K.L.:
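First, the structure itself, so that you have it in front of you.
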Amino acid sequence: MEQTEAERLASVLKALADANRLRLISLIQSSPAGEACVCELTEPLGLSQPTISHHLRILTDAGLLERDKRGVWAYFRLVPEALTIIAGSITPPKQRHRRAAPAPRSR
């Protein structure tokens with residue numbers, strides 16, 4: 001892994017290294033529409049709107065979430081390939097190759 005790639009990955013992992021941010025990603029990912037408004041995230045985490053917004057900004061800046069402003073509310077959704085790229089970056093090459101290959105079919 002090159003230095004710049006390692007620094008970028010460390011930055012993203014640092015953004016993920018917070019329990020509230022992991023919970024936010026889980027809540028957004030599991031929402032029926034695949035996105036969530038800040039107003040929908042305060043109650044499940046028991047945090048204030050400014051605190052939720054702060055965590056969401058960190059996740060967005062790290063490239064993990066996309067933000068869509070609608071009126072006064074901001075809606076967030078997971079960047080589909082973001083977690084796949086992270087997983088691929090930290091998976092040993094031999095295991096990465098095994099996971100990519102389809103399982104043989106039984107007849």
Side-chain angles (χ1 to χ4, degrees):
M1 180 181 294
E2 296 293 325
Q3 180 68 25
T4 55
E5 183 183 353
E7 289 171 1
R8 170 75 179 127
L9 181 59
S11 172
V12 173
L13 291 174
K14 184 177 177 182
L16 284 172
D18 180 274
N20 289 318
R21 292 184 206 133
L22 288 171
R23 290 186 65 207
L24 283 168
I25 285 178
S26 176
L27 288 167
I28 293 167
Q29 183 176 342
S30 64
S31 68
E35 65 179 11
C37 174
V38 173
C39 62
E40 300 167 338
L41 300 169
T42 55
E43 187 180 325
L45 268 67
L47 299 172
S48 68
Q49 184 272 324
T51 301
I52 296 290
S53 292
H54 168 75
H55 287 302
L56 291 169
R57 183 181 52 78
I58 290 171
L59 293 169
T60 302
D61 290 348
L64 297 165
L65 297 178
E66 295 175 331
R67 178 180 184 264
D68 183 28
K69 181 112 167 127
R70 299 180 201 156
V72 296
W73 296 109
Y75 288 79
F76 292 84
R77 68 185 151 280
L78 195 61
V79 174
E81 60 278 348
L83 296 178
T84 304
I85 291 168
I86 294 166
S89 296
I90 59 176
T91 303
K94 287 183 181 180
Q95 289 180 354
R96 212 178 312 150
H97 182 50
R98 275 190 230 137
R99 287 184 182 174
R105 292 180 141 178
S106 58
R107 293 184 187 220

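Bear in mind the structure is a predicted one, so any value in this text is a computation, not a measurement. Numbers here are sequence positions counted from 1.
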K.L.:
Between Leu27 and Pro44, what is the shortest heavy-atom contact and its length?
P.N.:
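Closest approach of Leu27 to Pro44, heavy atoms only: CD1-CB, 3.8 Å.
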K.L.:
Compare all side-chain heavy atoms of Leu41 with those of Ile28 and state whether any distance is below 4.5 angstrom.
P.N.:
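They are in contact (side-chain heavy atoms under 4.5 Å apart), so the answer is yes.
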K.L.:
Ignoring hydrogens and angles, write down the donor-acceptor pairs under 3.5 Å from the side chains of residues 11-20, residues two or more places apart or on other chains.
P.N.:
| residue | atom | partner | partner atom | Å |
| --- | --- | --- | --- | --- |
| Asp18 | OD1 | Asn20 | N | 2.9 |
| Asp18 | OD1 | Arg21 | N | 3.1 |

K.L.:
Between Lys69 and Arg67, is there a side-chain heavy-atom distance shorter than 4.5 Å?
P.N.:
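In short, these two side chains touch, coming nearer than 4.5 Å.
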K.L.:
If we only count heavy atoms from C-beta on, is the Leu64 to Val79 side-chain gap below 4.5 Å?
P.N.:
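No, every pair of side-chain atoms sits at 4.5 Å or beyond.
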K.L.:
Which pairs pass side-chain hydrogen bond (donor to acceptor under 3.5 Å, both in side chains) with one or both residues in residues 41-50, sequence neighbours excluded?
P.N.:
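Only Ser48-Thr51, Gln49-Ser53 qualify under side-chain hydrogen bond (donor to acceptor under 3.5 Å, both in side chains).
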K.L.:
Hey, does the side chain of Arg8 reach the backbone of Ala62 with a donor-acceptor pair shorter than 3.5 angstrom?
P.N.:
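Here the side-chain-to-backbone pair exists.
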K.L.:
Is any side-chain heavy atom of Val38 closer than 4.5 Å to one of Leu56?
P.N.:
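SC-SC contact between Leu56 and Val38 confirmed.
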K.L.:
Can you tell me if Gln29 uses its side chain to pair, donor with acceptor, with the backbone of Ser26 under 3.5 Å?
P.N.:
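A pair under 3.5 Å: no.
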K.L.:
Kindly write out the residues that satisfy side-chain contact (heavy atoms from CB on, under 4.5 Å) with Asp68, not counting sequence neighbours, or none if the list is empty.
P.N.:
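Counting only residues at least two positions away or on another chain, Asp68 forms a side-chain contact (heavy atoms from CB on, under 4.5 Å) with Arg70, Arg77.
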K.L.:
So, for Leu78 and Ile25, which heavy atoms are closest and what is the spacing to 0.1 Å?
P.N.:
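Looks like CD1-CG2, 4.0 Å.
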K.L.:
Suppose the criterion is salt bridge (charged side-chain N to carboxylate O under 4.0 Å, His left out): which pairs have a residue in residues 24-33, not counting sequence neighbours?
P.N.:
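Of all non-adjacent pairs touching residues 24-33, none passes salt bridge (charged side-chain N to carboxylate O under 4.0 Å, His left out).
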K.L.:
Hydrophobic clusters join Ile, Leu, Val, Met, Phe, Trp and Tyr when side-chain heavy atoms are under 4.5 Å apart, directly or via other members; which others share one with Trp73?
P.N.:
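Members alongside Trp73: Val72, Tyr75.
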K.L.:
Taking CD in Glu2 as the centre, count heavy atoms belonging to other residues, nucleotides or ligands within less than 6.0 Å. Is the count above 12?
P.N.:
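Count not over threshold, so no.
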K.L.:
Looking at Leu45 and Ile52, what are the two nearest heavy atoms and their distance?
P.N.:
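In this case the closest contact between Leu45 and Ile52 is CD2-CD1, 3.8 Å.
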K.L.:
Rounded to the nearest 0.5 Å, what's the gap from NE2 on His55 to CG on Leu47? Could you check?
P.N.:
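It comes to 6.0 Å.
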K.L.:
Other hydrophobic cluster members with Ile58, side-chain heavy atoms of Ile/Leu/Val/Met/Phe/Trp/Tyr under 4.5 Å, chained?
P.N.:
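Grouped by the 4.5 Å side-chain rule, Ile58 forms a cluster of one, so the answer is none.
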K.L.:
Flag the pair Phe76 / Leu24 as yes when at least one side-chain heavy-atom distance between them is below 4.5 Å, and no otherwise.
P.N.:
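No, too far: nothing below the 4.5 Å cut-off.
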K.L.:
So how far is it from Leu65 CG to Arg57 CZ, rounded to the nearest 0.5 Å?
P.N.:
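Atom-to-atom, Leu65:CG and Arg57:CZ are 12.5 Å apart.
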